[in-house]
Amino acid sequence: MTSNVVPFTVLQRMCRPTGPAPRASTVAKWAEREHIRYKYDGQGGIWTTQAALDAALGLHSPQQAANDETRIEDLVQ
């Protein structure tokens with residue numbers, strides 16, 4: 001994967017920095033509360049992009065994030 005993709009394991013640590021790793025449903029609910037756009041990874045987790053995280057933090061507009069996001073289809077070779 002490219003550096004633009006933020007995988008499930010990183011999102012788990014962002015969701016709960018200390019203690020046991022949260023379940024996928026907990027991470028997905030956290031992402032929704034934080035307005036982070038995400039996709040399911042097909043392995044029981046979720047993934048997002050750095051652009052989507054930036055947009056959730058207000059670093060640039062959601063429309064710009066949508067234009068900048070990497071599609072999973074672009075990553076599969």
Side-chain angles (χ1 to χ4, degrees):
M1 292 194 167
T2 68
S3 61
N4 291 346
V5 174
V6 181
F8 179 63
T9 54
V10 172
L11 294 172
Q12 281 181 302
R13 288 193 307 267
M14 291 175 70
C15 174
R16 187 179 297 154
T18 59
R23 297 181 321 179
S25 61
T26 302
V27 178
K29 288 176 187 175
W30 164 80
E32 289 174 10
R33 274 195 319 270
E34 298 300 322
H35 306 287
I36 300 168
R37 295 177 58 190
Y38 65 89
K39 298 282 186 178
Y40 287 95
D41 64 11
Q43 299 175 351
I46 63 171
W47 64 276
T48 191
T49 63
Q50 188 62 50
L53 288 175
D54 291 347
L57 290 171
L59 299 178
H60 55 79
S61 71
Q63 183 59 41
Q64 182 181 355
N67 293 338
D68 293 345
E69 283 188 19
T70 303
R71 297 178 1 189
I72 192 69
E73 294 85 5
D74 297 335
L75 301 175
V76 177
Q77 297 180 359

Working for side chain to side chain contact (heavy atoms under 4.5 Å, CB included), residues Trp30 and Met14: CA-CA 10 Å; Trp30 164 80; Met14 291 175 70; 3.7 Å; yes
Gap separating the CG atom of Leu53 from the CG atom of Leu11, nearest 0.5 angstrom: 6.5 Å
For side chain to side chain contact (heavy atoms under 4.5 Å, CB included), just list the numbers for Val6 and Tyr38, CA-CA rounded to whole Å, side-chain angles, deciding distance to a tenth of an Å, and then say yes or no. CA-CA 10 Å; Val6 181; Tyr38 65 89; over 6 Å; no
Heavy-atom closest contact (Ala28 atom, Tyr40 atom, distance): CB-OH, 4.3 Å
So, for Pro22 and Cys15, which heavy atoms are closest and what is the spacing to 0.1 Å? CG-SG, 4.1 Å
Inter-residue atom distance Ile46.CD1 - Arg37.CZ, 0.5 Å rounding: 13.0 Å
Are more than 12 heavy atoms, taken from residues, nucleotides or ligands other than Arg16, located less than 6.0 Å from that residue's CZ atom? yes
If only atom types and distance count, is the side chain of Gln50 paired as donor or acceptor with the main-chain N or O of Asn4 below 3.5 Å? no
Can you measure from CD1 (Ile36) to OG1 (Thr49) and round to the nearest 0.5 angstrom? 10.0 Å
